[in-house]
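Just below is one structure, and these are the notes that go with it.
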Amino acid sequence: MFRGLLIENSDAGYGTKLTELEDSQLPEGDVTVRVAYSTLNYKDALAITGKSPVVRRFPMVPGIDLVGAVESSRHANFAVGDLVLLNGWGVGEVHWGGLAERARLRGDWLIPVPQGFTPRQTMAIGTAGYTAMLALIALERNGVTPDKGDVLVTGAGGGVGGIAIALLHQRGYTVVASTGRLAETDYLKSLGADEVVDRALFSSPGKPLGRERWAGAIDSVGSHTLANVCATVRYGGTVAACGLAQGMDFPATVAPFILRGVTLAGIDSVYRPVPDRLEAWRRLASDLDTQKLDLLTHEIGLTDVIATAPTMLEGAIRGRLVVAVDPSVTG
Ligand code: NDP
């Protein structure tokens, strides 16, 4: 038996509970992992609360991220005791995830815990941080270098936003952070923001084009915010779009793309091929200041997750939430 969160959807309604599960209930997979840490991501909060149809198979153990030790393996790349990391691949959506003491997974989804990070740090980064890195790589590939001008980060108080700020700062960019929580200005500056602006500047319907302001942007908010950001990117700039905290809609015009050559780079972390993941984690190991990571990380236990999920959807969590599932697993 092991403890885990379980989401059920039946005639009695949609609900999540912390419960005892049996090994025989675990899904198919060639590697069984004892989970040390997981995380609470925005997507997990949607799944746990049922606010969006994230979960597509029931019952489901949520948790799109996990780190832990291999307990048994039939996969050539992994042996008992190896420390492994998982982000995405539909885990926590269609395959049981990390918010439980055990997970059975496909070895093809796993990567070794990257050198330079403790298991806990990999979860402090989690899908949010790995996505922020993918977004930064997208800006770089499109020629957004620090000398080109300011880079805007929206949803700055959240997980993707916070790590994006720290990464951009470390690479020498001038970073403007957009937040609905101006009271967090000192925190955002401590992460590396050079300027902090009110997200209200972007959140309402705007014009097709505005003053050219940003060399690039990392947006985790979507909706009017993404449209207004695109409308104010400088000629030839790039926006990396990775989230929908304001909404999934994109009420924009083509003007920024056809008149200013703006690139909208879509970022998906879930089904990203392994070589891209390894590159992103290598870059995180070289570019992320772990002191800044500590600043934006909070830890909760498995027993706190259900109560915390609605707070995350209200946009009231600062930075990243690590879930200590069973830290003794990785020592
Ligand atoms: P968080 O909840 O940690 O952060 C989201 C932030 O967005 C909030 O902290 C808040 O920042 C801002 N925000 C919330 N509500 C609104 C609103 N109504 N209007 C404008 N801003 C708002 O989530 P994450 O950082 O973990 O994830 C952010 C988004 O990115 C989510 O939509 C998530 O699903 C997506 N995502 C996508 C991935 C991918 O593969 N594409 C991977 C990871 C995440 P503030 O208070 O500073 O304004």
Side-chain angles (χ1 to χ4, degrees), residues 39-49 51-54 62-65 87-93 123-138 152-167 175-189 191 193 196-204 218-229 239-250 264-273 276-277 280 296-298 308-323:
T39 72
L40 187 60
N41 287 280
Y42 192 88
K43 193 185 260 180
D44 302 315
L46 289 173
I48 288 164
T49 58
K51 274 261 169 81
S52 278
V54 165
I64 65 173
D65 286 323
N87 308 113
W89 294 113
V91 169
E93 303 178 57
M123 287 294 100
I125 296 165
T127 285
Y130 142 65
T131 300
M133 189 74 238
L134 292 174
L136 171 56
I137 291 170
L152 179 70
V153 175
T154 63
V160 174
I163 295 183
I165 291 169
L167 289 172
V175 186
V176 179
S178 162
T179 183
R181 292 178 272 179
L182 290 171
E184 297 288 4
T185 295
D186 287 348
Y187 157 74
L188 295 170
K189 289 196 167 172
L191 291 181
V196 177
V197 297
D198 191 335
R199 78 183 189 199
L201 287 174
F202 307 100
S203 51
S204 304
I218 296 180
D219 175 64
S220 57
V221 171
S223 191
H224 292 296
T225 299
L226 177 57
N228 287 322
V229 170
V239 181
C242 54
L244 44 61
Q246 184 182 7
M248 201 191 242
D249 57 331
F250 180 42
L264 183 56
I267 307 297
D268 169 61
S269 66
V270 180
Y271 293 106
R272 200 72 179 218
D276 288 5
R277 291 168 186 261
L296 55 76
T297 306
H298 302 272
T308 310
T311 319
M312 171 158 257
L313 297 184
E314 285 159 19
I317 301 290
R318 192 178 94 172
R320 294 278 301 144
L321 282 178
V322 169
V323 181

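Just follow the structure's listing: the first ligand is 1, and inside any ligand the first atom is 1.
For atom 9 (O) of ligand 1, the nearest protein heavy atom (residue, atom name, distance) is Arg181 NH2, 2.9 Å. Protein heavy atom closest to atom 42 (C) of ligand 1, with residue, atom name and distance, is Thr131 OG1, 3.1 Å. With respect to atom 30 (O) of ligand 1, the closest heavy atom belonging to the protein is Gly243 CA, 3.3 Å. Of the protein's non-hydrogen atoms, the one nearest atom 41 (N) of ligand 1 is Ile267 O, 2.8 Å. If you check which protein heavy atom lies closest to atom 3 (O) of ligand 1, you get Gly159 N, 2.9 Å. Atom 7 (O) of ligand 1 has Ala245 CB, 3.5 Å as its closest protein atom, hydrogens excluded (heavy atom only). Ranking protein heavy atoms by distance to atom 2 (O) of ligand 1, first place goes to Tyr42 CD1, 3.3 Å. The nearest protein atom to atom 25 (O) of ligand 1, hydrogens excluded, is given as Val160 N, 2.8 Å; this is a heavy-atom distance.
Nearest to atom 35 (C) of ligand 1 by heavy-atom distance, out of Cys242, Gly126, Ala177, Ala135, is Cys242. Closest heavy-atom approach to atom 13 (N) of ligand 1 within the set Met312, Gln246, Arg199: this belongs to Arg199. The closest non-hydrogen atom to atom 29 (C) of ligand 1, taken over Ser220, Ala132, Gly155, comes from Ser220.
Residue contact check: Gly180 has heavy atoms under 4.0 Å from atoms 45 (P), 46 (O), 47 (O), 48 (O) of ligand 1. Heavy-atom contacts of Val221 reach the following atoms of ligand 1: 20 (C), 21 (N) (cutoff under 4.0 Å). Every atom of ligand 1 with a heavy atom of Ser269 under 4.0 Å away is listed here by number and element: 39 (C), 40 (O), 42 (C). For ligand 1, the atoms closer than 4.0 angstrom to any heavy atom of Ala156 are 47 (O). Of all atoms in ligand 1, numbered sequentially from 1 with element shown, those under 4.0 Å from a heavy atom of Asp268 are 40 (O). Residue Gly157 has at least one heavy-atom neighbour below 4.0 Å for each of these atoms of ligand 1: 9 (O), 11 (O), 45 (P), 47 (O). Near Thr127, meaning under 4.0 Å from one of its heavy atoms, ligand 1 places the atoms 42 (C), 43 (C). If you number the atoms of ligand 1 from 1 as listed, the ones under 4.0 Å from a heavy atom of Leu244 come out as 32 (O).
Contact annotation: the side chain of Met312 approaches that of Ile317 to within less than 4.5 Å [non-hydrogen atoms, C-beta and beyond]. At least one side-chain heavy atom of Leu296 sits under 4.5 Å from a side-chain heavy atom of Ile163. The closest side-chain heavy-atom distance from Thr154 to Leu152 is below 4.5 Å.
For Thr179, a nitrogen or oxygen atom sits less than 3.5 Å from a nitrogen or oxygen atom of ligand 1, counting backbone and side chain alike. At a 3.5 angstrom cut-off on N or O pairs, Asn41 does not count as close to ligand 1. Considering backbone and side-chain atoms alike, Gly158 places an N or O below 3.5 Å from some N or O of ligand 1. Between Ala128 and ligand 1, a contact under 3.5 Å exists for no N or O pair.
A side-chain contact (heavy atoms from CB on, under 4.5 Å) with Lys43 holds for exactly one of Thr127, Val270, Ile48; it is Val270.
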inquiry  = Pair Val323, Met123 - check side chain to side chain contact (heavy atoms under 4.5 Å, CB included), show working.
reply    = CA-CA 8 Å; Val323 181; Met123 287 294 100; over 6 Å; no
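Remark: Arg277 fails to qualify as a cation-pi partner of Tyr130 under the 6.0 Å distance and 45° angle criteria applied to the six-membered ring.
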